[in-house]
Amino acid sequence: MSEAVAPNLVAAVSEQRQWDRLMQMARLGAITGADGSPGVNRPCLSPLDREARRLLIAWGESIGLTPSIDALNNLFLRMEGREPGLAPVLTGSHMDSQPAGGRFDGIWGVLAGLEAIQAMREAGITPRRPIELVAWTNEEGGRFAPGCMGSMAYAGHSAADTWDAVEDGEGIRFGDALREQLALEADLPRRPLGVVEGRAPHAYVEAHIEQGPRLEAEGQDIGIVTGIQGSRWFLVELRGESAHAGTAPLSMRRDAVQDMLRAITALNALMDDPTDILRFTVARIEVHPNSSNSVAERVRFTIDFRHPSATVLTERGDAIAPTIRAAVQHCEVTVTERFHALPVDFAPQVTEAVARAAAAQGLRALRMPSGAFHDAQFMVPLCPSGMIFVPSRKGISHNPAEYSSPAQLAAGARVLAQVLHEVAEG
């Protein structure tokens, strides 16, 4: 065990308590997947989200943590340090899920932070710096796109009102849902959005399930996350003209579906990568009028493009709109970029602390990048940041079949506890 950590800190992390809390959270929005797996649908800024937040606040207050929220409804629970005036160490993740999500994505990082702080309390440890547990607003982007709105606004990446007009599938605007949420949580203390009094956090550490197969496949216990690949999201709208499927000649149609197929075929050629490093996905497609005997007059589809090279991300991402316009034959085209995050590298201050903690606890660790984006990506410009991964069964995520075992999650929480203690003493 590292000499910087009291021997009883790691022992104070409770595998059972953390698992019980995860299962209680999983009841809020519980669903069943196609294969019978228990999953979660907990949209951000929804009644289920509010219920989950109140449960977290109750657990935090029971061990002496002080809650507060900011203008984006990011939730903070503060453990005071020996020197309260110092910049705090932040840890956490998110509580919202995909529409057919798993029980561990995001929420484990929040509950792992809570477990690490409670272990410090029970071990009689008060760190030099304050530690704040944070639950970021709308990391997933499942209800309102893009994701990571809370952390982007906190970090100054985007203005707080950037997404006010974004609508969910029912036409509810993000700005309206946010105002409703803030009004319903008016009893919670408010704090400024972002850096307080010009002082950035001392560090940020986020625990997360891997959402990929490497740790399990290679027999590793802990992922030392070295950075996150870049991401660009686009929304494409093609506007043609509806017509009768049985009477309109093909030569006269302005068929939005056929132009969508031409656009996607051209994009597949643009994104071809023999190394299989590039990630390109068309996932959500909306067709209007969506009738079996009508020519489609309008199609909207999303693009998710990711790569670890900023050059590739920029060059091919910038080619998306002209590639689409060159491919379509009959429709008007609008291409809107909704999310743009360049690749980031995490700070050695955090990655080496994770490596030391894993080694001290006899855990096998792998240095690895993250293919998925996380709130930690936007903390990098503010402070030394990093992430801890634990294995995911078969690499499945964004799916009710997502699973990490109680023992794997407990190992991650123990590493997190040691890292937080070390960094908060600095």
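- Distance check: Leu409 CG to Tyr403 OH gives 8.0 Å after rounding to the nearest 0.5 Å.
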Checklist line | Verdict with supporting geometry, Asn138 and His94, side-chain hydrogen bond (donor to acceptor under 3.5 Å, both in side chains) | finding: CA-CA 7 Å; Asn138 190 37; His94 61 96; over 6 Å; no
Checklist line | Residues Gln408, Asp221; criterion side-chain hydrogen bond (donor to acceptor under 3.5 Å, both in side chains); working and verdict | finding: CA-CA 7 Å; Gln408 290 168 331; Asp221 304 306; over 6 Å; no
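- Ion pairing between Glu332 and Arg298 fails under the 4.0 Å rule for side-chain N and carboxylate O.
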Item checked: ring pair (Phe, Tyr, Trp, His ring centres under 6.0 Å) evaluation trace for Trp163 with Phe339 -> CA-CA 11 Å; Trp163 312 282; Phe339 181 77; 9.5 Å; no
Next item on the list: Quick one: do Arg128 and Glu83 satisfy salt bridge (Lys or Arg N to Asp or Glu O under 4.0 Å)? Show the steps, please.
Entry: CA-CA 6 Å; Arg128 176 170 172 256; Glu83 300 181 36; 3.1 Å; yes
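- Although no hydrogens or angles enter the test, the distance criterion places no donor-acceptor pair under 3.5 Å between the side chain of Glu210 and the main chain of Pro391.
- A salt bridge does not link Arg54 with Asp49: every distance from a Lys NZ or Arg NE/NH1/NH2 to an Asp or Glu carboxylate oxygen is 4.0 Å or more.
- Ring to ring, Phe305 and Trp233 are not that close: their centroids are 6.0 angstrom or more apart.
- A salt bridge is defined here as a Lys NZ or Arg NE, NH1 or NH2 lying under 4.0 Å from an Asp or Glu carboxylate O, and Arg143 with Asp168 meets this definition.
- Salt bridge status for Arg393 with Glu402: absent, with no side-chain N to carboxylate O gap under 4.0 Å.
- For Arg190, the salt bridge (charged side-chain N to carboxylate O under 4.0 Å, His left out) criterion is met by no residue, not counting sequence neighbours.
- Listed by chain and residue number, nothing satisfies the side-chain hydrogen bond (donor to acceptor under 3.5 Å, both in side chains) test with Arg325 (two or more places apart in sequence, or in another chain).
- Classification of Glu216 and Lys394 as a salt-bridged pair fails, no side-chain N sitting under 4.0 Å from a carboxylate O.
- Shown here are the side-chain contact (heavy atoms from CB on, under 4.5 Å) partners of Ala411, two or more places apart in sequence or in another chain: Leu363.
- With contacts defined as side-chain heavy-atom distances shorter than 4.5 Å, the pair Val225/Thr351 does not qualify.
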